[in-house]
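Here is the structure we will look at.
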Amino acid sequence: MNRISILDPALADKIAAGEVVERPSSVVKELVENSIDAKATQIQIRIIDGGRTLIEVKDNGIGMSKEDAILSIRRHATSKIKTDYDLFSIQTMGFRGEALSAISSVSKFTLMTCEENQVGTKLVCLNSEVVRIEPCALTRGTIIQVEELFYNTPARLKYLKADSSEFSAILDITNKLALAHPEISFSLYSNQKLMFQTSGKDDIIEILSEIFGLQVAKNMHYFEKQTHDFKIYGYTSSISFSKSNRYSIFTYVNGRYIKNKGLTDSVIEGYHELLFENRYPFTVLYIEADPTILDVNIHPTKQDIRISKEFDLRKLIKETIHETLTQTKKINEIRMSSTRQEQQPIQPFFDFSIQEKEETYPSSFTQMENSNETEFVIPQSLPHQEDHYYLPIGQIHGTYIVAQSQDGFIIIDQHAAAERIRYERYQKLFLENHHSIDLLFPLVIELSNSDYQELLPHLSLLKEVKIDAELFGNNAIKITHVPYYLDKIDLKTYVETLIQQIIQNKKIDLNALKDYAIATLACKASLKANAHLSFADMEKIIHDLFACQNPYTCPHGRPTLLKYTLQELQKAFKRT
Ligand SMILES: Nc1ncnc2c1ncn2[C@@H]1O[C@H](COP(=O)(O)OP(=O)(O)OP(=O)(O)O)[C@@H](O)[C@H]1O
Ligand SMILES: [Mg+2]
């Protein structure tokens with residue numbers, strides 16, 4: 001009995017659409033890429049209800065004839081490649097001939113298009129079928145309207161997020177496309193409101209300013225270098241402007257936004273030792289290469305590409321960025337100090353020495369968080385506070401405290417211990433209701449436009465972690481009140497870290513956020529390895545550690561101390 005049959009074309013289109021059209025932002029990406037390939041100089045995007053109700057992309061590109069318009073929504077219909085050779089030397093954004101067919105199979109789709117000095121064509125499409133074709137009055141260009149996306153694929157519809165989240169993803173993709181093509185003027189409207197615009201004057205800095213705000217744009221440095229195989233150029237932020245995640249590194253290859261961890265790592269490596277741990281730059285990196293050394297045909301979204309000689313490219317990026325930063329470091333420092341005077345006194349980065357009076361730990365520290373961890377065995381006989389008095393003997397390797405008791409000695413990891421002490425202290429402070437203090441200079445935090453949109457519906461969460469924030473102009477928030485114990489830390493970094501945590505967690509759990517806030521405070525403000533300690537410092541750490549509810553591990557679960565008894569020593573030296 002024959003059981004196999006060829007799928008109905010409309011069903012085959014829907015299956016193929018699953019890969020290309022994941023959510024509204026994928027539709028925007030595909031339509032805008034088509035407009036770019038059509039040599040548009042102006043692209044306008046209109047979104048209603050996060051793209052659920054309408055996505056419209058209008059361009060002034062070359063348009064299509066009536067016959068091409070009809071063909072354009074068929075699968076494997078493309079004007080961009082014809083031969084094998086073309087496939088291996090792609091010059092355009094699209095080439096697979098599947099985007100319009102995919103989009104039109106999962107939406108109510110209307111296309112209006114017109115070539116120079118011709119009569120325009122309007123085509124209405126439902127369920128992969130053209131249901132109406134008629135002439136229409138239009139100047140050169142194309143308008144595509146995608147209504148009720150996923151109306152006929154309920155499973156996909158169910159997975160759409162809140163309108164604000166979908167719009168934020170659209171804004172994010174538009175940012176990336178606009179940065180890829182500063183020579184094109186983009187405008188993006190959400191529910192009739194203009195949300196993002198670029199002039200098309202080929203000004204990358206202008207676009208960076210739209211996305212990240214003026215302060216970041218002002219602190220960008222240009223870099224450029226060319227080898228036989230590659231030309232790289234772009235802008236990267238000075239070391240005084242960093243982010244808590246790596247999402248602000250935009251990489252383009254021949255005008256295409258790509259995601260490539262190796263290339264992003266090379267940018268970060270270019271900042272080697274110039275940025276604090278877990279801080280990342282803002283970078284826009286353009287790479288130009290002969291299309292024959294690139295393979296773009298790896299994934300339907302084309303954001304993943306293979307580059308031959310990638311190793312050479314990574315080296316080139318890392319060295320160019322590092323050179324740019326070290327050369328401009330001096331200029332930066334002058335700039336930084338003048339900006340600081342204009343604004344507010346900047347607090348040292350979680351400076352231990354300026355905690356409340358009773359805290360007298362020293363302030364010099366280097367990070368040890370990600371150092372290679374060795375396996376620890378926690379000794380069976382753990383010491384107790386009331387058991388013994390521990391007399392500090394000294395500090396070894398600038399990292400461990402050795403203290404002796406009547407029946408043995410302990411070795412304390414000073415960073416882990418300080419982290420535990422702070423963790424419990426902040427835990428207690430968070431539970432208590434302290435008066436907020438007015439910030440003498442309210443702290444203004446500029447966000448990227450998409451982060452801002454993402455944060456908006458959750459702004460009240462900051463209040464839950466005791467930070468009073470209000471909206472402040474375009475894409476910025478103002479922090480006005482914080483509890484007294486946050487007054488003396490690098491508040492900006494702390495709040496930015498919390499914001500990223502809010503944005504990145506799809507389901508926000510308040511308790512988890514509070515825990516995260518406490519752990520961040522404890523870790524960032526903790527004493528690091530290689531800090532010199534006086535005997536008084538050591539005594540205080542020992543005292544405070546044993547006053548903790550759980551003195552034996554740091555909040556990440558690593559041991560804070562090891563104990564050796566005299567008996568164990570005697571056994572080891574074969575004295576018994
Ligand atoms: N805005 C536009 N202006 C002019 N022509 C367009 C426009 N959008 C689409 N087209 C034409 O329709 C064809 C099909 O578009 P579609 O996006 O489906 O495929 P593609 O761009 O060739 O490849 P891919 O699937 O990789 O995007 C294109 O090759 C192009 O000729
Ligand atoms: Mg396309």
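Values in this document were obtained by computation on a predicted structure and should not be read as measured data. First listed ligand is number 1; within each ligand, the first listed atom is number 1.
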Please indicate whether any nitrogen or oxygen in [X] is less than 3.5 Å from any nitrogen or oxygen in ligand 1.
{"X": "Ile144", "answer": "no"}
{"X": "Phe95", "answer": "yes"}
{"X": "Gly97", "answer": "yes"}
{"X": "Ser101", "answer": "no"}
{"X": "Gly63", "answer": "no"}

### Query
Passes side chain to side chain contact (heavy atoms under 4.5 Å, CB included), Lys231 versus Glu224? Steps please.
CA-CA 8 Å; Lys231 176 180 176 183; Glu224 183 180 329; 4.0 Å; yes
What is the nearest protein non-hydrogen atom to [atom], stated with its residue, atom name and distance?
{"atom": "atom 30 (C) of ligand 1", "value": "Ser79 OG, 3.5 Å"}
{"atom": "atom 14 (C) of ligand 1", "value": "Ala77 O, 3.5 Å"}
{"atom": "atom 2 (C) of ligand 1", "value": "Thr142 OG1, 3.8 Å"}
{"atom": "atom 12 (O) of ligand 1", "value": "Ser72 CB, 3.4 Å"}
{"atom": "atom 28 (C) of ligand 1", "value": "Lys80 CE, 3.8 Å"}
{"atom": "atom 22 (O) of ligand 1", "value": "Thr78 OG1, 2.6 Å"}
{"atom": "atom 17 (O) of ligand 1", "value": "Asn34 ND2, 2.8 Å"}

Just by distance, with hydrogens left out, do [X] and [Y] show a side-chain donor and acceptor under 3.5 Å apart?
{"X": "Ser105", "Y": "Asn127", "result": "no"}
{"X": "Gln215", "Y": "Glu446", "result": "no"}
{"X": "Ser242", "Y": "Tyr271", "result": "no"}

#### Entry: Intermediate values then yes/no, salt bridge (Lys or Arg N to Asp or Glu O under 4.0 Å), Lys108 and Glu147
CA-CA 5 Å; Lys108 298 181 178 169; Glu147 290 170 276; over 6 Å; no
May I ask you to list the atoms of ligand 1 that are less than 4.0 angstrom from any heavy atom of [X]?
{"X": "Glu98", "value": "18 (O), 19 (O), 25 (O)"}
{"X": "Gly94", "value": "21 (O), 23 (O), 24 (P), 26 (O), 27 (O)"}
{"X": "Glu30", "value": "27 (O)"}

Counting only heavy atoms, which portion of [X] has something under 4.0 Å from ligand 1: side chain, backbone, both, or neither?
{"X": "Leu100", "value": "both"}
{"X": "Asp59", "value": "side chain"}
{"X": "Ala38", "value": "side chain"}
{"X": "Ala40", "value": "neither"}

### Query
So, is Met93 placed with an N/O/S atom under 2.8 Å from the Mg ion (ligand 2), counting both backbone and side chain?
no
### Task
Compare all side-chain heavy atoms of Leu111 with those of Ser72 and state whether any distance is below 4.5 angstrom.
yes
#### Entry: Residue pair Leu126 / Asn152, side-chain heavy-atom distance below 4.5 Å
no
### Summary
Of Lys58, Met64, Lys29, the residue with the heavy atom nearest atom 6 (C) of ligand 1 is Met64
### Task
Check the angle between the aromatic planes of Phe212 and Phe282 and answer parallel, tilted or perpendicular using the 30° and 60° thresholds.
perpendicular
Under a 4.0 Å N-O cut-off, is there an ion pair linking [X] with [Y]?
{"X": "Lys225", "Y": "Glu323", "answer": "yes"}
{"X": "Arg246", "Y": "Asp265", "answer": "yes"}
{"X": "Lys315", "Y": "Glu310", "answer": "no"}
{"X": "Glu115", "Y": "Arg140", "answer": "no"}

### Query
Between Ile268, Val267, Asn260, which is the residue that forms a side-chain contact (heavy atoms from CB on, under 4.5 Å) with Thr264?
Ile268
